[in-house]
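In what follows, a single structure is set out as structure tokens and then discussed.
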Amino acid sequence: MPTADELISPDGIRRLAAILQKSSPAPSRWQSVADSSTTLGPLGLSERARSVADALLADCGRDYERLAHAVRKGLTLPDLTGWMIWPVGEAVAVAATEAADGQYFDDGLDLLAELTPRLTSEFALRTFLNQDLERTLAAALTWTDSPDPAVRRLASEGSRPKLPWARQVPELNRDPGATVPVLDKLHSDISPDVRRSVANHVNDISRLDAELATKVAARWTHNPAPTTPALVRHAMRTLVKKGDPAALELVGFHGGREDLQVVGPLLTETAIPHGGTLVFTASVTNVSDRPVSLAIDYVVHHLKANGKLAPKVFKLTKRNLAPAESVDVTRNHSFRPISTRVYYPGTHAVQLQVNGHQFGLTEFRLLESAE
């Protein structure tokens, strides 16, 4: 994955300053933008975007008209593109929303839509959403009819309740249903990128209001496009892992605890060396008189520093079983050290999860490092 220095780089910001200098009448020199290229070294990606945006605002005196004129002139050049768009959009959003009486609010949103095909304005849109949610979502609803898929995607992606790297929008957390009209317009979009954004958006909603997410997805399945089943599966992924009955039914899994006989997990070893591998087997049998469709996962209960166990669900397999049919499963689960998780020595546990129902909690011990 590219580093922050490769994405919002000093050279890129110097090029941004040069573009703006060409796009503005003298004496506009955009010197603060050029100078900001020398201070990016210790900053992360989002911090770089904010730092350059602050320089843009300083150079234009937080004057929206001046900034918008320079940006629109810059957009006539192919060089205004890529990751330099992030800080530009942030500066546009701040200048537009700070203006008295909201006089530039709508034009600022229009300018984000003009910028987004060059990279994305999804992060800058958060400023507008926090300033006036209803007005911003009304604009986003008009974007759903844009001929440009980047603009249609902005309507969904920029308004996601849990957009990665982005500022929170507290009103969306309180009322995730506010964005549903946008999603209704886009769920069968011809662009895979737009549909993926819609699926991720519904997945965000599912973490705030599971019932709302499943109701919205279920409504789309009543008159589905050919792409709807795949979108719904992606949108329901968090709820499926949690074993939500409505989500499981939506994506085609059926079969309850009473339909199943589960043996295991059975461990080959109950003491796992530091950096070693947990190996287990299990079997699942359909004891009902009807076919079942199963999502078979497993849960590792990791020992944390505070001595408590924290569960994490991992995908295992999917199976359709006829009456009296069985499936045997095996999994090797690595405890090799990784940067995103600390493994603590002590008693952990593993269990099977089938259609959201958990079976056979089995403990094992993770040994201390020999170092």
Side-chain angles (χ1 to χ4, degrees), residues 1 160-165 173 199-210 213-214 232-251 253 255-257 260 262-284 293-319 327-369:
M1 181 176 179
R160 282 178 57 183
K162 296 186 176 295
L163 179 64
W165 296 356
N173 290 327
N200 287 335
H201 193 136
V202 176
N203 187 57
D204 285 356
I205 291 174
S206 77
R207 299 177 180 183
L208 299 166
D209 188 335
T214 53
V232 168
R233 284 194 300 272
H234 195 58
M236 295 291 102
R237 62 190 186 276
T238 294
L239 292 180
V240 167
K241 270 192 171 185
K242 290 181 177 179
D244 182 276
L248 286 163
E249 189 71 26
L250 264 178
V251 299
F253 295 117
R257 179 181 289 273
L260 307 173
V262 177
V263 177
L266 304 175
L267 311 186
T268 59
E269 300 286 347
T270 57
I272 310 301
H274 177 82
T277 300
L278 173 72
V279 181
F280 68 84
T281 60
S283 68
V284 180
S293 180
L294 307 178
I296 305 175
D297 305 319
Y298 68 101
V299 186
V300 177
H301 297 264
H302 294 101
L303 181 67
K304 307 304 289 183
N306 62 7
K308 296 182 179 180
L309 295 177
K312 181 172 176 57
V313 178
F314 297 88
K315 305 305 293 181
L316 191 52
T317 189
K318 303 171 185 177
R319 286 290 190 275
V327 59
D328 296 324
V329 296
T330 301
R331 176 51 56 99
N332 298 347
H333 183 89
S334 174
F335 280 90
R336 184 183 71 255
I338 55 176
S339 60
T340 56
R341 182 178 297 277
V342 177
Y343 296 119
Y344 295 95
T347 301
H348 300 240
V350 62
Q351 64 185 157
L352 221 61
Q353 178 172 293
V354 186
N355 282 6
H357 303 288
Q358 295 181 345
F359 300 86
L361 185 70
T362 305
E363 293 184 343
F364 61 94
R365 185 166 184 80
L366 185 64
L367 304 177
E368 295 188 22
S369 171

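In this structure, CG in L248 is found 9.5 Å from OG in S293, a value given to the nearest 0.5 Å. In this structure, the separation between OG1 on T277 and CG on N332 is 6.5 Å, given to the nearest 0.5 Å. Interatomic distance, CG of L278 versus OG1 of T268, reported as 7.0 Å (0.5 Å rounding). Between atom CG of residue L239 and atom OG of residue S206 there is a gap of 4.0 Å, rounded to the nearest 0.5 Å.
Residues A210 and D244 come closest through the heavy atom pair CB-OD2, 4.1 Å. The two residues R233 and V251 come nearest to each other via the heavy atoms CA-CG1, 3.8 Å. Here the closest non-hydrogen pair linking T330 and L316 is O-CD1, 4.4 Å. When all heavy atoms of A199 and R237 are compared, the pair lying nearest together is O-NH1, 4.3 Å. The minimum heavy-atom distance between P265 and G360, with the atom names listed, is CD-O, 2.9 Å. Taking both residues in full, the closest heavy atoms of G243 and Q353 are given as N-NE2, 4.3 Å, listed atom of the first, atom of the second, then distance.
A heavy-atom distance below 4.5 Å is found between the side chains of T214 and L250. With a 4.5 Å cut-off on side-chain heavy atoms, V299 and V350 do not count as touching. Taking 4.5 Å as the limit, every side-chain heavy atom of V279 sits out of range of all side-chain heavy atoms of R331. A heavy-atom distance below 4.5 Å is found between the side chains of P161 and I205. Residues L303 and L309 have side chains in contact (heavy-atom distance under 4.5 Å, counting atoms from C-beta outward). Contact of the V202 side chain with the M236 side chain is registered, since non-hydrogen atoms from C-beta on lie closer than 4.5 Å. The shortest distance between side-chain heavy atoms of F280 and T362 does not fall below 4.5 Å. Between V263 and V284, the closest side-chain pair of non-hydrogen atoms is not below 4.5 Å.
Side chain of N355 to main chain of A295: a donor-acceptor pair is present (N/O by atom type, distance under 3.5 Å, no hydrogens or angles). Looking at D204, its side chain does come within 3.5 Å of a backbone N or O of K162 through a donor-acceptor pair. At least one donor-acceptor pair closer than 3.5 Å links the side chain of R257 to the backbone N or O of Q358.
Listed by chain and residue number, F335, H348 satisfy the ring-ring contact (aromatic ring centres under 6.0 Å, His included) test with F364 (two or more places apart in sequence, or in another chain).
Counting non-hydrogen atoms of neighbouring residues, nucleotides and ligands closer than 6.0 angstrom, the CZ atom of R336 reaches no more than 12 such neighbours. Crowding of K318 atom NZ: a count of heavy atoms from other residues, nucleotides or ligands under 6.0 Å not exceeding 12.
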Evaluate the criterion side-chain contact (heavy atoms from CB on, under 4.5 Å) for residue pair F359 and Q351; output intermediate values, then yes/no. CA-CA 6 Å; F359 300 86; Q351 64 185 157; over 6 Å; no

Stepwise side-chain hydrogen bond (donor to acceptor under 3.5 Å, both in side chains) check, T238 with N203: CA-CA 7 Å; T238 294; N203 187 57; 2.8 Å; yes

Start with the C-alpha gap between L163 and H201, add the side-chain angles, then the distance that decides, and say whether side-chain contact (heavy atoms from CB on, under 4.5 Å) holds. CA-CA 8 Å; L163 179 64; H201 193 136; over 6 Å; no

Walk me through it: do R207 and N173 pass the test side-chain hydrogen bond (donor to acceptor under 3.5 Å, both in side chains)? CA-CA 10 Å; R207 299 177 180 183; N173 290 327; over 6 Å; no

Using side-chain contact (heavy atoms from CB on, under 4.5 Å), reason through V327 and L294 one step at a time and then give a plain yes or no. CA-CA 11 Å; V327 59; L294 307 178; 5.5 Å; no

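Counting only N and O atoms by type, the side chains of Y298 and H333 include a donor and acceptor under 3.5 Å apart. For the residue pair H301 and E363, no side-chain donor N or O sits within less than 3.5 Å of a side-chain acceptor on the partner.
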